[in-house]
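Here's the structure we're looking at; comments come further down.
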Amino acid sequence: MMGGEWGSGWMGFGGIWMVLLWVLVILGIIVLIRRIWVRPGESGADFQPTALEILKGRYARGEIDREEYEQMRRDLSN
């Protein structure tokens with residue numbers, strides 16, 4: 001009689017493992033789809049800011065004042 005109760009407890013673990021397996025399979029499919037569909041150069045690691053974006057960042061951080069920013073922006077646009 002006790003063996004039946006002990007065995008049913010392990011069946012619960014089987015259900016949990018099955019759910020985890022399906023979650024991993026679905027996540028794997030999502031990762032594969034993203035790798036196939038994302039073209040080279042679109043990922044965040046390949047992003048290279050333009051000179052104007054760098055200049056705007058320096059101004060936003062307070063590294064340069066408004067006059068320097070305006071002069072450098074004019075230089076970049078020419």
Side-chain angles (χ1 to χ4, degrees):
M1 186 120 186
M2 290 182 74
E5 292 174 15
W6 182 77
S8 65
W10 285 102
M11 294 300 284
F13 277 118
I16 291 171
W17 287 113
M18 182 60 82
V19 170
L20 289 176
L21 174 70
W22 279 109
V23 168
L24 288 174
V25 168
I26 291 169
L27 288 175
I29 291 170
I30 291 170
V31 168
L32 280 173
I33 290 172
R34 290 198 69 210
R35 284 192 180 262
I36 291 170
W37 282 44
V38 173
R39 286 175 265 155
E42 287 185 357
S43 67
D46 296 334
F47 175 73
Q48 293 186 359
T50 64
L52 187 57
E53 291 170 337
I54 293 170
L55 180 62
K56 287 178 181 180
R58 290 185 63 197
Y59 180 61
R61 289 187 299 271
E63 295 176 8
I64 57 175
D65 62 12
R66 184 173 178 82
E67 291 175 15
E68 289 175 307
Y69 170 76
E70 292 295 333
Q71 178 60 45
M72 290 179 186
R73 187 178 58 81
R74 282 192 297 270
D75 290 345
L76 289 172
S77 64
N78 291 331

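On a predicted model such as this, the values are computed, not experimentally measured, just so you know. Note: hydrogens, waters and symmetry copies are ignored here, and every other heavy atom, side chains too, is used.
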Same cluster (ILVMFWY, side-chain, under 4.5 Å), Trp37 and Ile29: yes

Cluster check Tyr69, Leu76: I/L/V/M/F/W/Y, side chain < 4.5 angstrom: yes

Derivation of the side chain to side chain contact (heavy atoms under 4.5 Å, CB included) call for Val31 and Arg34: CA-CA 5 Å; Val31 168; Arg34 290 198 69 210; 5.9 Å; no

Under 4.5 Å side-chain linkage, directly or through intermediates, the cluster mates of Leu32: none

Exercise: identify the closest heavy-atom pair between Leu55 and Met72: CD1-SD, 3.5 Å

Exceeds 12 heavy-atom contacts within 6.0 angstrom, atom CZ of Arg66: no

For Leu20, all residues meeting side-chain contact (heavy atoms from CB on, under 4.5 Å), sequence neighbours excluded: Ile16, Trp17

With Glu63 via salt bridge (charged side-chain N to carboxylate O under 4.0 Å, His left out) - residues at least two apart: Arg58, Arg61

Hydrophobic cluster membership, Ile33 vs Ile36, 4.5 Å side-chain cutoff: yes

Set of side-chain contact (heavy atoms from CB on, under 4.5 Å) partners for Asp75, sequence neighbours left out: Gln71

Results of side-chain contact (heavy atoms from CB on, under 4.5 Å) for Leu27 - residues two or more places apart only: Val23

Between CD on residue Glu70 and CD1 on residue Ile64, distance to nearest 0.5 Å: 9.5 Å

Partners meeting side-chain contact (heavy atoms from CB on, under 4.5 Å) with Thr50 (sequence neighbours left out): Leu52, Glu53

